[in-house]
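Positions are given from 1, in the same order as the sequence printed here.
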Amino acid sequence: MTRTPPSSRTSTHRIRRPLLVIVLVAVLAAIVVALGLPLLKPSSDSSSATPGQGSSVRPPAPSLPDRAPPDSSQQERRGPLGEADGVVPDGSTVLDDDVPAVANLDADLLAALRRAAPEAADDGVAFTVNSGWRSPEYQNQLLRKAVAQYGSEAEAARWVATATTSPHVSGDAVDIGPEEATAWLAEHGAAYGLCRIYRNEPWHFELRTDAPDRGCPRRYADPTQDPRMRP
């Protein structure tokens, strides 16, 4: 048997020990990384270091007041306007309590319409509600459309009031159709306190409680002549 010279055995042990140390260090490093532990202990002034510039300390999560507020435009965004805003389904009448445009009318105005409706029906005339109560959003939409249609705010004001002045928004006005119904009310409406207010809007009626005794007041040419429409 050939024996390894002592010098060779010593050399082999010297080579294996560093290799074993390297392997142990590599395994330990892998365990540390897997556990998410810092490889180096932060220095005493690490609390003042800027995150991302050598600091191992994570910045605290912002408190609620520090967080950016939600986008207000998203909060205010609305879907298409519908019945809840006063859009009237086709064929609605003064008896439709499930239609907000009718149900949200002034109680006295609605009562007068419902007193007049059976009398008109005896003459073969039915009242259709083309527009009644409106939300401010709906009124503003109608005004924007009127400005686009007529080309100016001044001309649009002859047909559509602002949300702050419109009697539709307050529930004090109703637009009646068809033409036979407006003609019937023009002749008989005063007896119920139902009066035309504007010459350019024969469909627009409001309640005037003294009309049964004194008749309906003189009509304005259009809403721009109505003192209620002035700022």
Side-chain angles (χ1 to χ4, degrees), residues 80-146 148-150 155-163 165-209 211-212 215-226 228-229:
L81 297 177
E83 288 187 32
D85 293 286
V87 177
V88 183
D90 291 341
S92 296
T93 74
V94 297
L95 302 177
D96 290 329
D97 285 328
D98 58 337
V99 176
V102 175
N104 291 339
L105 287 172
D106 172 76
D108 292 335
L109 171 60
L110 185 56
L113 289 166
R114 289 178 173 178
R115 287 196 303 270
E119 299 295 330
D122 290 342
D123 293 335
V125 176
F127 293 169
T128 297
V129 176
N130 292 330
S131 191
W133 168 85
R134 302 169 187 157
S135 70
E137 292 81 7
Y138 187 22
Q139 188 68 29
N140 286 332
Q141 182 188 81
L142 293 176
L143 181 57
R144 289 193 296 270
K145 289 182 177 180
Q149 178 178 352
Y150 296 109
E155 187 63 21
R158 297 184 60 243
W159 303 98
V160 182
T162 66
T165 60
S166 172
H168 283 281
V169 173
S170 63
D172 294 319
V174 62
D175 293 346
I176 293 293
E179 192 172 320
E180 293 81 5
T182 60
W184 191 95
L185 282 172
E187 182 178 354
H188 305 287
Y192 304 92
L194 299 170
C195 296
R196 285 175 167 175
I197 304 301
Y198 308 119
R199 290 199 299 271
N200 70 328
E201 295 185 3
W203 53 81
H204 179 107
F205 288 86
E206 298 181 25
L207 182 66
R208 297 292 182 268
T209 55
C216 290
R218 182 179 179 180
R219 287 178 289 164
Y220 300 109
D222 59 58
T224 62
Q225 305 302 310
D226 188 342
R228 298 176 301 169
M229 302 298 116

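- Scanning all heavy atoms of the two residues, the minimum distance from Asp226 to Arg228 falls at OD2-NH2, 2.7 Å.
- Contact of the Leu185 side chain with the Tyr192 side chain is not registered, since no non-hydrogen atoms from C-beta on lie closer than 4.5 Å.
- To the nearest 0.5 Å, atoms CZ (Arg144) and CD (Gln139) are separated by 11.0 Å.
- Between the side chain of Asn200 and the main chain of Arg158, a donor-acceptor pair closer than 3.5 Å is present.
- Classified by interplanar angle (parallel below 30°, tilted 30° to 60°, perpendicular above 60°), the ring pair Tyr150/Trp159 is parallel.
- When every heavy atom of Ala146 is checked against every heavy atom of Val160, the shortest pair comes out as CB-CG2, 3.8 Å.
- Taking CD1 of Ile176 as the start and OG1 of Thr182 as the end, the distance is 9.0 Å to the nearest 0.5 Å.
- Note that the CD atom of Gln141 and the OG atom of Ser135 stand 8.5 Å from one another [nearest 0.5 Å].
- Trp184 and Asp123 are linked by a side-chain donor-acceptor pair at a separation below 3.5 angstrom, with hydrogens and angles left out of the test.
- Between Asp85 and Trp133, the shortest heavy-atom distance links the atoms C-CZ3, 3.6 Å.
- The two residues Ala101 and Gly86 have their closest heavy-atom pair at CB-O, 3.5 Å.
- A donor-acceptor pair is defined here as one N or O able to donate and one able to accept, closer than 3.5 Å; no such pair exists between the side chain of Ser166 and the backbone of Ala163.
- Using a 4.5 Å cut-off on side-chain heavy atoms (C-beta onward), Leu109 and Glu206 make no contact.
- Although no hydrogens or angles enter the test, the distance criterion places a donor-acceptor pair under 3.5 Å between the side chain of Arg196 and the main chain of Pro202.
- Counting heavy atoms from C-beta outward, Tyr220 and Ile197 have side chains that approach closer than 4.5 Å.
- Considering every non-hydrogen atom in both Ala173 and His204, the closest pair reads CB-CE1, 3.4 Å.
- Contact annotation: the side chain of Val129 never approaches that of Asp96 to less than 4.5 Å [non-hydrogen atoms, C-beta and beyond].
- Rounded to the nearest 0.5 angstrom, Leu110 CG and Asp108 CG are separated by 9.5 Å.
- The structure places CG of Asn140 at 8.0 Å from OG1 of Thr162, a figure rounded to the nearest 0.5 Å.
- Residue Ser170 holds its OG atom at 11.5 Å from CG of Asn104, rounded to the nearest 0.5 Å.
- You'll find the side chain of Pro167 stays beyond 4.5 Å of the side chain of Arg134, heavy atoms only.
- Of all non-hydrogen atoms in Arg114 and Val94, the two that sit nearest each other are NE-O, 2.7 Å.
- Under the side chain to side chain contact (heavy atoms under 4.5 Å, CB included) rule, Pro178 has a single partner from Asn130, Thr128, Val125, which is Thr128.
- In this structure, Glu83 contributes its side chain and Val99 its backbone to no donor-acceptor pair below 3.5 Å.
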